[in-house]
Protein chains: 2
Amino acid sequence: MWMEIDLQSDVPIYTQLVDQLIEGIASEQLKPGDPLPSVRSLAADLGINLHTVNKAYQILKQDGFLQVHRKQGVVVQPGGMPGADAAFRAKLAKGIRPLAAEAAVRGMTEEEFAEQSAAVYRQLMSKGEDAK
Amino acid sequence: MWMEIDLQSDVPIYTQLVDQLIEGIASEQLKPGDPLPSVRSLAADLGINLHTVNKAYQILKQDGFLQVHRKQGVVVQPGGMPGADAAFRAKLAKGIRPLAAEAAVRGMTEEEFAEQSAAVYRQLMSKGEDAK
DNA sequence: TATCTGTTATATAATAAGTATAACAGAGAG
DNA sequence: CTCTCTGTTATACTTATTATATAACAGATA
């Protein structure tokens with residue numbers, strides 16, 4: 001599997017999983033309807049616990065990025081992803097805020113900061129370019 | 001004091017303090033050389049513990065945003081703020097990454113995301129417009 | 001001498017994160 | 001029907017983080 005976990009990181013394992021799965025969807029390495037490994041097999045692959053994987057899946061299911069069929073495992077949401085609603089825009093602003101503040105203090109202009117944001121977005125998308 | 005703490009938030013108190021102080025510097029509500037309340041008085045004002053405030057001050061001192069004179073308390077770095085070095089740019093990219101990914105999944109374009117980032121930056125700066 | 005400053009050292013409580021086992025219901029394959 | 005896979009739920013335990021509570025120390029100020 002293409003997933004990697006950093007056990008030394010200060011960001012929780014289940015958050016790393018959530019982030020990487022969203023990145024996978026964003027870059028179209030994971031397409032709507034694609035099956036995901038079972039909680040047990042992915043946990044075994046990564047050398048972590050079943051519940052840690054399940055927690056990540058639950059969050060993504062709750063947010064509408066994944067679907068569970070009870071029938072055959074977990075799949076990437078086939079029926080259209082959730083949109084950029086008010087709740088998300090608020091969450092987004094809240095997340096960007098401390099980054100923008102520190103960037104400003106360190107001398108980055110609004111344009112530099114915006115370009116940096118765009119660059120990260122761009123780089124993220126380009127990871128799916130050579131997907132088979 | 002102008003600081004506010006949300007005890008119900010999932011973000012640690014000392015992190016809230018760090019963020020708000022950086023925002024204060026960014027918006028020039030806090031200027032180089034300005035004195036900050038002592039760890040004891042700020043803790044008393046906010047109804048929290050001395051060590052929680054001290055932890056925030058330590059982080060900001062470590063990053064070069066504050067200076068400690070042992071003589072009369074803590075002051076905003078008077079000799080120029082640290083710049084946007086490679087370490088910060090890496091930290092910035094790492095912080096933006098999961099936000100950009102989710103924004104992309106939710107249908108925001110690169111331009112929309114960059115504009116959202118710029119908007120947050122702008123709004124942050126404008127808070128110091130009517131400072132006396 | 002008091003009183004303020006940051007700093008350090010302990011100890012404790014509360015919460016979050018991660019693990020370890022176990023068991024259950026539904027679905028598919030033999 | 002039995003075996004095996006799926007997600008899900010429950011319980012218990014360990015560990016790390018966060019926050020608090022006291023106490024004490026060195027330096028500076030009035």
Side-chain angles (χ1 to χ4, degrees), chain A residues 1 3-21 30 33-79 95 98, chain B residues 1 3-21 30 33-79 95 98:
Chain A
M1 195 60 184
M3 304 212 55
E4 285 180 13
I5 290 305
D6 180 10
L7 296 176
Q8 315 305 320
S9 172
D10 56 331
V11 33
I13 299 178
Y14 73 89
T15 302
Q16 294 183 41
L17 291 178
V18 167
D19 290 345
Q20 288 192 34
L21 287 171
L30 286 175
D34 279 1
L36 263 58
S38 75
V39 290
R40 287 178 177 85
S41 68
L42 182 52
D45 276 9
L46 299 174
I48 61 178
N49 191 274
L50 173 161
H51 294 102
T52 307
V53 175
N54 187 249
K55 186 168 183 176
Y57 280 2
Q58 283 301 322
I59 292 174
L60 291 167
K61 169 190 170 188
Q62 180 69 27
D63 287 353
F65 299 125
L66 297 184
Q67 241 187 32
V68 177
H69 275 98
R70 181 67 114 175
K71 138 177 204 154
Q72 197 67 16
V74 180
V75 297
V76 178
Q77 177 72 45
Chain B
M1 194 61 182
M3 305 212 55
E4 287 179 12
I5 289 304
D6 180 9
L7 296 176
Q8 313 306 320
S9 172
D10 57 331
V11 35
I13 300 177
Y14 74 89
T15 303
Q16 293 183 42
L17 292 177
V18 167
D19 289 346
Q20 287 192 35
L21 288 170
L30 287 176
D34 279 0
L36 264 57
S38 75
V39 290
R40 286 178 178 82
S41 68
L42 181 53
D45 276 8
L46 298 174
I48 60 178
N49 191 273
L50 173 161
H51 294 103
T52 306
V53 175
N54 187 250
K55 186 168 183 175
Y57 280 2
Q58 282 301 321
I59 293 174
L60 291 166
K61 169 189 170 189
Q62 180 68 26
D63 287 352
F65 298 124
L66 298 184
Q67 242 187 32
V68 178
H69 274 98
R70 181 69 117 177
K71 138 175 206 159
Q72 197 67 17
V74 180
V75 297
V76 178
Q77 178 72 44

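Every chain is numbered from 1, with letters handed out A, B, ... down the list of sequences. The model shown is predicted, which means the values in this text are computed figures rather than measured ones.
Under the 4.5 Å side-chain criterion, counting only non-hydrogen atoms from C-beta, A:F65 is not in contact with A:L21.
Between B:N54 and the phosphate of C:dT7, there is a side-chain N or O to OP1/OP2 separation shorter than 4.0 Å. At the phosphate of C:dA17, OP1 or OP2 sits under 4.0 Å from a side-chain N or O atom of A:Y14. When the side-chain nitrogen and oxygen atoms of A:T52 are compared with OP1 and OP2 of C:dT19, one or more of them lie within a distance under 4.0 Å. Side-chain N/O atoms of A:Y57 include none lying less than 4.0 angstrom from OP1 or OP2 on D:dG7.
Sequence order on DNA chain C of the closest nucleotides to A:I48 and B:K61 puts B:K61 first from the 5' end.
With hydrogens and angles ignored, a donor-acceptor pair closer than 3.5 Å exists between the side chain of A:H51 and the base of D:dT9.
For B:N49 and D:dT17, the CG to P distance is 19 Å, given to the nearest whole Å. Between the C1' atom of D:dT6 and the CG atom of A:L50 lies a distance of 11 Å, rounded to the nearest Å. One can place CD of B:Q8 at 11 Å from P of C:dT15, the figure rounded to the nearest angstrom. Put simply, CD on B:Q67 is 19 Å from P on C:dT5, counting in whole angstrom units. Summarising the geometry, the separation between NZ on B:K55 and P on D:dT20 is reported as 11 Å, rounded to the nearest angstrom. Rounded to a whole Å, the NE2 atom of B:H69 is 16 Å from the C1' atom of D:dT29. Between B:L42 atom CG and D:dA19 atom P there is a gap of 14 Å when expressed in whole angstrom units. As a whole-Å value, the separation of B:I59 CD1 from C:dT7 P is 13 Å.
Distance check, rounded to the nearest 0.5 Å: CD1 of A:I48 to CG of A:L7 gives 8.0 Å.
Ranking C:dG18, D:dT8, C:dT7 by closeness to the A:V39 side chain, first place goes to D:dT8. For B:S38, the listed nucleotide lying nearest its side chain is C:dT5; candidates were C:dT5, D:dA19, D:dT8. The B:I13 side chain lies nearest to D:dA19 when the options are D:dA19, C:dT7, D:dT18. Among the nucleotides D:dT18, C:dT7, D:dT6, the one closest to any side-chain atom of B:R40 is C:dT7.
Side-chain N or O atoms of B:Q67 include none that pairs as donor or acceptor with a backbone N or O of B:P78 at under 3.5 Å. Distance alone, capped at 3.5 Å, is enough to place a donor-acceptor pair between the A:Q16 side chain and the A:D6 backbone.
Just one of A:V75, A:L66, A:V68 meets the side chain to side chain contact (heavy atoms under 4.5 Å, CB included) condition when paired with A:L36; it is A:L66.
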